[in-house]
Amino acid sequence: MAKSLPFLTRPPNKVFSFIALCPQPFKIRPLDPPPFRFPASTLKFLETHYSSSLNLTTHFYKNKDDYIGSTFKPDKFYASLIDDSIHKTHLNQIYAKLLVTGLQYGGFLIAKLVNKASNIGEVSCARKLFDKFPDPDVFLWNAIVRCYSRHGFFGHAIEMYARMQVACVSPDGFSFPCVLKACSALPALEMGRRVHGQIFRHGFESDVFVQNGLVALYAKCGEIVRANAVFGRLVDRTIVSWTSIISGYAQNGQPIEALRIFSEMRKTNVRPDWIALVSVLRAYTDVEDLEHGKSIHGCVIKMGLEYEFDLLISLTSLYAKCGHVMVARLFFNQVENPSLIFWNAMISGYVKNGYAEEAIELFRLMKSKNIRPDSITVTSSFAACAQIGSLELARWMDEYISMSEFRNDVIVNTALIDTYAKCGSVDMARFVFDRIPDKDVVVWSAMMVGYGLHGQGRESIILFHAMRQAGVSPNDVTFVGLLTACKNSGLVEEGWDLFHRMGDYGIEPRHQHYACVVDLLGRAGHLDRAYNFVMNMPIEPGVSVWGALLSACKIHRHVTLGECAAERLFSLDPYNTGHYVQLSNLYASSRLWDCVAKVRVLMKEKGLTKHLGYSVIEINGKLQVFQAGDKTHPRSKEIFEEVEDLERRLKEAGFVPHTESVLHDLNYEETEETLCNHSERLAIAYGLISTPPGTTLRITKNLRACNNCHAAIKLISKLVSREIVVRDASRFHHFKDGACSCGDYW
DNA sequence: ATAGGGTTAG
């Protein structure tokens with residue numbers, strides 16, 4: 001594999017040596033310059049008027065050609081002082097001199113000063129300079145609008161643009177792109193529309209810079225049809241026009257159309273540059289088309305752009321999203337000082353592919369290098385934390401957030417609610433929820449999903465009513481949360497009712513909602529109702545819907561309907577092990593051993609193997625993984641003694657294991673020995689011998705708990721007086737005093 | 001005399 005990717009080797013330090021080779025921006029003078037004749041009066045004037053801190057002498061001798069043979073022109077002199085190497089102190093000094101010497105040469109010098117201040121990021125300094133000038137002309141107005149929109153102060157940019165019109169200064173072809181950029185960044189569609197009208201009235205209908213700004217504006221505001229209309233009227237399209245419309249389609253969830261326009265562009269003689277390739281790569285990343293993405297990668301190399309930082313980020317996202325996280329990491333490692341966006345791309349790439357530990361590791365590395373994360377970094381790291389399911393890790397992250405600038409960030413706190421819920425503490429999730437002052441629909445929905453995971457359906461519905469009282473409208477995710485909560489709690493009629501009220505809020509049910517309803521009905525044993533529901537769906541039932549039906553058939557041993565669902569699943573999703581396992585389990589529960597064997601043969605033919613089961617328990621901040629019959633732990637002997645002791649106490653308490661169907665159940669962990677060797681039992685035993693009495697044990701499983709273990713753990717919780725929290729593949733079980741929070745409804 | 005547009009993480 002490494003051989004097929006020769007582009008990953010990088011000559012040492014090439015990225016940086018290229019910068020060193022970049023020529024300094026000096027002016028080339030004609031050979032044989034005339035002799036230097038600077039009038040004595042000028043030198044005297046300069047000496048009396050300038051402080052040494054400006055180091056003017058050096059400046060003169062460096063630029064003396066500018067003054068040769070001509071009388072000293074102060075305005076030209078000032079203009080030449082304001083070059084790119086200017087510092088903030090110099091800006092103020094020059095401005096002071098302008099006032100003191102009474103040299104008012106019109107707005108252009110101030111405009112130049114403001115632009116230079118903007119270039120070096122001195123936004124407030126630029127504004128101060130602007131404010132001192134009483135009667136700004138269009139150059140000066142443009143300078144301040146541009147300064148604000150370049151540095152992310154979009155509201156200020158729009159405000160200054162509006163004030164310019166109050167001052168009766170007509171905008172020109174340079175004003176529009178700046179204010180349009182501000183409008184698209186916010187986004188402020190209404191303001192953008194007004195600007196569009198002004199552009200029309202001022203006759204900039206064929207200015208390509210202005211029109212590109214409009215394309216970007218409508219694309220960013222989701223008005224892709226309008227963006228395309230403006231693009232369609234453009235006669236001389238530049239690479240920027242094409243990039244704007246391509247990225248517009250890519251950002252509005254139409255990557256295929258974006259790619260079609262790119263291929264259209266390739267028929268013209270406009271050559272893509274690196275920004276265009278970034279947009280195209282994003283589209284291929286969205287559709288997870290690695291093959292075409294690789295061909296763009298080839299383009300990148302051919303054009304000699306393989307060391308462009310931003311293209312490396314795009315390539316990293318592409319390979320990571322397509323599952324090649326190792327390749328992505330090689331790109332990441334090539335760069336000595338990755339930007340924040342680069343770190344975020346790598347972390348989220350890991351999270352998307354289930355490499356949660358690597359993601360957390362990278363987050364820690366970032367912290368150790370004192371790189372400041374942003375809310376995206378933190379949100380992705382929380383997602384990793386939720387995947388692992390470690391409550392300790394969630395607490396650590398929470399503590400970190402509470403001391404950071406993200407303490408009051410709504411998006412981060414929403415991620416924290418989700419993380420706490422997925423790490424087993426619905427109470428901590430609620431605590432975070434309660435302290436958020438202005439809850440938006442995502443915050444409410446996250447909490448409802450959290451209750452759903454823990455089977456607290458009533459709480460979820462109460463929250464829904466509270467949300468409506470607070471005047472917040474639900475969205476489609478809200479209903480996913482509610483329906484999940486209902487199906488996990490057996491609230492059939494409540495869920496059914498909520499599903500039918502989605503239309504009242506103008507929300508069209510998606511696959512997930514239909515799947516929830518099928519699950520809701522099916523699990524409660526209303527299999528015929530569920531089947532009728534599927535048959536009358538307005539959209540084609542997909543994998544999730546048939547999967548829910550099959551799983552309901554397994555619980556209620558409805559073989560014929562289950563076979564029907566399985567048949568659909570095998571044609572829709574032929575290489576997913578889970579469906580075969582479910583069907584096999586259905587046969588096993590009905591004691592159809594021949595059929596079980598047939599499914600196993602079918603799986604073998606397709607080269608499918610069942611997933612290995614494992615359980616994870618966290619002791620003193622360390623995650624310990626167990627598989628069935630696992631003897632690898634250093635304290636293995638003690639663990640097995642504890643397992644046997646538990647088994648003995650279970651029998652004494654009258655527990656009767658139901659072995660037969662479970663032993664043939666492919667979903668669960670096969671072992672030649674006894675059922676009590678299942679991984680969660682080992683994890684529980686290890687937890688019991690490693691923690692003080694009364695400590696809650698928290699276990700995460702990759703599969704669903706088997707019937708036998710579920711029954712056993714209920715009793716164990718009573719025998720050892722411990723609360724045991726188990727996260728299985730789809731939900732939480734809280735075992736306490738011989739009962740489980742799921743009410744055996746799972 | 002002065003200056004402008006497009007991109008990547010979630």
Side-chain angles (χ1 to χ4, degrees), chain A residues 73 75-76 78-80 82 105-116 118-119 136-147 149-150 171-182 184-185 204 207-217 219-220 227 231 234 237-248 250-251 258 272-283 285-286 308-318 320-321 328 332 338-352 373-383 411-412 414-415:
Chain A
K73 291 205 179 77
D75 55 345
K76 193 180 177 200
Y78 278 114
S80 77
I82 308 167
Y105 295 101
F108 88 93
L109 273 179
I110 309 289
K112 190 165 185 181
L113 273 176
V114 171
N115 278 318
K116 292 307 165 197
S118 167
N119 284 347
D137 64 356
V138 67
F139 289 120
L140 188 47
W141 280 112
N142 287 350
I144 195 69
V145 173
R146 173 174 169 271
C147 174
S149 96
R150 243 185 83 169
D172 65 6
F174 286 86
S175 322
F176 296 123
C178 298
V179 69
L180 285 175
K181 186 187 173 180
S184 38
F204 285 90
D207 184 316
V208 70
F209 279 80
V210 173
Q211 296 300 312
N212 287 346
L214 283 173
V215 174
L217 167 80
K220 285 255 170 64
F231 178 77
L234 264 176
R237 294 164 183 170
T238 64
I239 183 60
V240 178
S241 325
W242 287 100
T243 308
S244 300
I245 194 72
I246 290 170
S247 70
Q251 282 165 3
D273 64 0
W274 67 269
I275 301 183
L277 294 179
V278 164
S279 305
V280 174
L281 278 172
R282 141 124 198 204
T285 306
D286 280 353
E308 195 69 55
F309 288 117
D310 294 300
L311 270 170
L312 281 173
I313 297 173
S314 301
L315 288 168
T316 304
S317 302
L318 171 77
K321 177 93 187 282
F332 182 78
S339 66
L340 182 58
I341 296 179
F342 212 156
W343 283 96
N344 289 348
M346 195 61 233
I347 290 175
S348 73
Y350 275 137
V351 176
K352 263 183 218 148
D374 66 359
S375 61
I376 293 173
T377 325
V378 173
T379 312
S380 310
S381 304
F382 269 140
I411 297 175
V412 168
T414 309

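Labels below follow one simple rule: chain letters A, B, ... track the order of the sequence lines, proteins then strands, and each chain is numbered from 1.
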Indicate, with a heavy-atom threshold strictly under 4.0 Å, whether [X] touches base, sugar-phosphate, or nothing.
X: W343(A); answer: nothing
X: K220(A); answer: sugar-phosphate
X: E308(A); answer: nothing
X: T238(A); answer: base
X: I246(A); answer: nothing
X: N115(A); answer: sugar-phosphate
X: G173(A); answer: base
X: D286(A); answer: nothing
X: T379(A); answer: nothing

Distance-minimising heavy-atom pair for S279(A) and T243(A):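 Looking at all heavy atoms of both residues, the closest pair is OG-CG2, 3.5 Å.
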Side chain S244(A) and base dG6(B) donor-acceptor under 3.5 Å: no
Among dT8(B), dG6(B), dA3(B), the nucleotide that comes nearest once only the side chain of D172(A) is considered: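 Shortest atom-to-atom distance from the side chain points to dA3(B).
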What's the [atom1]-[atom2] distance between [X] and [N], to the nearest Å?
X: L180(A); N: dG6(B); atom1: CG; atom2: C1'; result: 13 Å
X: I341(A); N: dG10(B); atom1: CD1; atom2: C1'; result: 11 Å
X: K352(A); N: dA9(B); atom1: NZ; atom2: C1'; result: 8 Å

Heavy-atom side-chain contact between S175(A) and V138(A) under 4.5 Å: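 Yes. Closest side-chain heavy atoms under 4.5 Å.
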Donor on one side chain, acceptor on other, S241(A) and T238(A), under 3.5 Å: yes
